[in-house]
**Student:** 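Here it is, the structure in full.
Residue indices begin at 1 and follow the sequence shown.
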Amino acid sequence: MANTTFSGPVRSENGFEVISKNATTGVVADRTQDFGLHDARRYYLCEPFYQRPAINADIDQAYTVEVARAANRNFEALGTNMTTALATFPTTSAGILLTTAGADQDQAIVAPHLDTNQSAWTGVKWGTENSVEWEASIMLPAIDNQKTWAGLKLTNDQLVATDADQAYFKFQTDATNSESFTDFTKWHFIHSIGGTDFISQIPVTVAANTPYHLKIKIDSARKATIFINGIQYNVTTTSGSTGGTAVTAVQPGKQAVKTGALTNDVDFIPYAGIEAGAAAAEALNVHYIACSRNVYE
């Protein structure tokens, strides 16, 4: 493969992408991170977790307790039986490690602070009409008795039925305290439009200690398309709140099948979390979360 050096400015009408090609399969993947070069017409936030998230009660004591002074000012930890001590910096990977407390149905969730005027992450709205792009890199240290979700929702709950409007990725090992999937080994993409649910079964088997770069792009028509590790996947147009409809990667030269138009003027909140499905601790490594949108509708 040749290397090319330019002595002048490089210009493109439609942005730049970092592309890799698998030498064995020939599959081309988009490896562009943090939206590539920033567009002056868009607003960007990226949370690489310079500080670990703390539970909201600790943050409220920000100038009286040492653990709170070191807490992340943009994101907080929450969920059933979650504590600040259960959000840590991992030793072998980037970002933060969220660990559940050890009981069945315990949760470890990271989300922007919902307190008024605490952070631009919720002060600025991620509306369906704003051409929002969301991305995150996450990793699971183990695959056993868990529900994991990441994306754009109205609440922090992992259940498909909770939010009438949403667009998020989900992996779960079973249907206990959740909905039933046809295949519990794969990533799924769930989107809901005004209470109608759609579940896309993505042909990506989830493995332990494997980074997954998840990405959602909502266009000016409020239609979303999805990527995992740079590969774009079609989205199902078959409704249903259980099971999951198998989808395929978008083939070269083909247009992606996107969602229908999402409900207008719905403001999403980025969430990532894990819920234990048995009396044992489960963990989720979140490397970073990023969002962008048009500066004006």
**Student:** Taking the side chain as C-beta and beyond, is there a heavy-atom pair between Thr225 and Gln232 under 4.5 Å?
**Tutor:** yes

**Student:** Write down the atom of Ala136, the atom of Ile289, and the distance for their closest heavy-atom approach.
**Tutor:** CB-CG1, 4.1 Å

**Student:** Are there more than 12 heavy atoms of other residues, nucleotides or ligands under 6.0 Å from atom NZ of Lys223?
**Tutor:** no

**Student:** Could you walk me through whether Lys170 and Glu179 pass salt bridge (charged side-chain N to carboxylate O under 4.0 Å, His left out), step by step?
**Tutor:** CA-CA 11 Å; Lys170 187 176 187 184; Glu179 56 281 328; 2.2 Å; yes

**Student:** Starting from the C-alpha separation in whole Å, work towards a yes-or-no answer on side-chain hydrogen bond (donor to acceptor under 3.5 Å, both in side chains) for Glu135 and His213.
**Tutor:** CA-CA 7 Å; Glu135 64 180 270; His213 177 222; 2.9 Å; yes

**Student:** Apply salt bridge (charged side-chain N to carboxylate O under 4.0 Å, His left out) to residues Lys147 and Asp174 and explain how you reach the verdict.
**Tutor:** CA-CA 8 Å; Lys147 283 84 183 169; Asp174 55 70; 2.8 Å; yes

**Student:** If only atom types and distance count, is the side chain of Arg42 paired as donor or acceptor with the main-chain N or O of Ser292 below 3.5 Å?
**Tutor:** yes

**Student:** Taking the side chain as C-beta and beyond, is there a heavy-atom pair between Asp104 and Asp106 under 4.5 Å?
**Tutor:** no

**Student:** Looking at Trp149 versus Phe169, is the centre-to-centre ring distance below 6.0 Å?
**Tutor:** no

**Student:** Tyr271 versus Val110: any side-chain heavy-atom pair under 4.5 Å?
**Tutor:** no

**Student:** I'd like to know if the side chain of Gln251 and the backbone of Ala249 have a donor-acceptor N/O pair within less than 3.5 Å.
**Tutor:** yes

**Student:** May I ask you to decide if the ring planes of Trp126 and Trp121 are parallel, tilted or perpendicular, using 30° and 60° as cut-offs?
**Tutor:** tilted

**Student:** State, to 0.1 Å, how close Val295 and Ala40 come at their nearest heavy-atom pair, and which atoms those are.
**Tutor:** CG1-O, 4.4 Å

**Student:** For a 4.5 angstrom cut-off between non-hydrogen side-chain atoms, does Ile202 reach Ile226?
**Tutor:** yes

**Student:** Would you please indicate yes or no on a ring centroid separation below 6.0 angstrom for Phe181 and His188?
**Tutor:** yes

**Student:** Nearest 0.5 Å, please: how far is CG in Leu152 from CG in Asp163?
**Tutor:** 11.0 Å

**Student:** Would you say the side chain of Glu76 lies within less than 4.5 Å of the side chain of Ile55, judging by non-hydrogen atoms?
**Tutor:** no

**Student:** Look only at the side chain of Thr173 and the backbone of Gln146, and say whether a donor-acceptor pair between them is shorter than 3.5 Å.
**Tutor:** yes

**Student:** Side-chain contact, heavy-atom cut-off 4.5 Å: Asn229 with Tyr212?
**Tutor:** yes

**Student:** Is the side chain of Asn81 donor-acceptor paired with the backbone N or O of Ala101 at a distance under 3.5 Å, no angle test?
**Tutor:** no

**Student:** Check the pair Asp165, Ser192 against side-chain hydrogen bond (donor to acceptor under 3.5 Å, both in side chains), reporting the backbone distance first and the verdict last.
**Tutor:** CA-CA 5 Å; Asp165 294 283; Ser192 301; over 6 Å; no

**Student:** If you define the side chain from C-beta out and look only at heavy atoms, does anything of Cys291 sit under 4.5 Å from Tyr43?
**Tutor:** no

**Student:** Quick one, Ile199 and Thr245 - any side-chain contact, counting heavy atoms below 4.5 Å?
**Tutor:** no

**Student:** Just by distance, do the side chain of Thr162 and the backbone of Asp157 share a donor-acceptor pair under 3.5 Å?
**Tutor:** no

**Student:** Listed by chain and number, what are the ring-ring contact (aromatic ring centres under 6.0 Å, His included) partners of Phe227, not counting sequence neighbours?
**Tutor:** none

**Student:** Checking side-chain contact (heavy atoms from CB on, under 4.5 Å) against Pro141, which of Asn209, Thr92, Thr99 comes through?
**Tutor:** Asn209

**Student:** Would you say the ring centers of Tyr168 and Phe189 fall short of 6.0 Å from each other?
**Tutor:** no

**Student:** Grab the two heavy atoms, one from Gln158 and one from Ser178, that are nearest each other, plus how far apart they are.
**Tutor:** OE1-OG, 3.1 Å

**Student:** Run the numbers on Thr259 and Phe198 for side chain to side chain contact (heavy atoms under 4.5 Å, CB included), then give the verdict.
**Tutor:** CA-CA 9 Å; Thr259 69; Phe198 302 82; over 6 Å; no

**Student:** Are the side chain of Arg222 and the backbone of Leu262 linked by a donor-acceptor contact shorter than 3.5 Å?
**Tutor:** yes

**Student:** Going through the distances and angles, do Thr148 and Leu284 end up as a side chain to side chain contact (heavy atoms under 4.5 Å, CB included)?
**Tutor:** CA-CA 8 Å; Thr148 301; Leu284 172 66; 3.9 Å; yes

**Student:** I'd like to know whether Glu282 forms a side-chain hydrogen bond (donor to acceptor under 3.5 Å, both in side chains) with Thr100, so could you lay out the CA-CA distance, the side-chain angles of the two residues, the decisive distance to 0.1 Å, and finally the verdict.
**Tutor:** CA-CA 5 Å; Glu282 299 294 342; Thr100 64; over 6 Å; no

**Student:** May I ask you to decide if Gln201's main-chain N or O and Asp183's side chain share a donor-acceptor pair within less than 3.5 Å?
**Tutor:** no

**Student:** Answer yes or no: is there a donor N or O on one side and an acceptor on the other, between the side chain of Glu47 and the main chain of Phe49, under 3.5 Å?
**Tutor:** yes

**Student:** Keeping the roles fixed (side chain from Asn72, backbone from Phe75), state whether a donor-acceptor pair exists under 3.5 Å.
**Tutor:** yes

**Student:** Yes or no on side chain to side chain contact (heavy atoms under 4.5 Å, CB included) for Thr84 and Arg52, after CA distance, side-chain angles and deciding distance?
**Tutor:** CA-CA 8 Å; Thr84 297; Arg52 64 175 182 156; 3.7 Å; yes

**Student:** So which of Val235, Asn234, Thr238 actually passes side-chain contact (heavy atoms from CB on, under 4.5 Å) with Ser200?
**Tutor:** Val235

**Student:** Could you check whether any side-chain N or O of Glu133 sits under 3.5 Å from a backbone N or O of Arg293, counting only pairs where one atom can act as donor and the other as acceptor?
**Tutor:** no

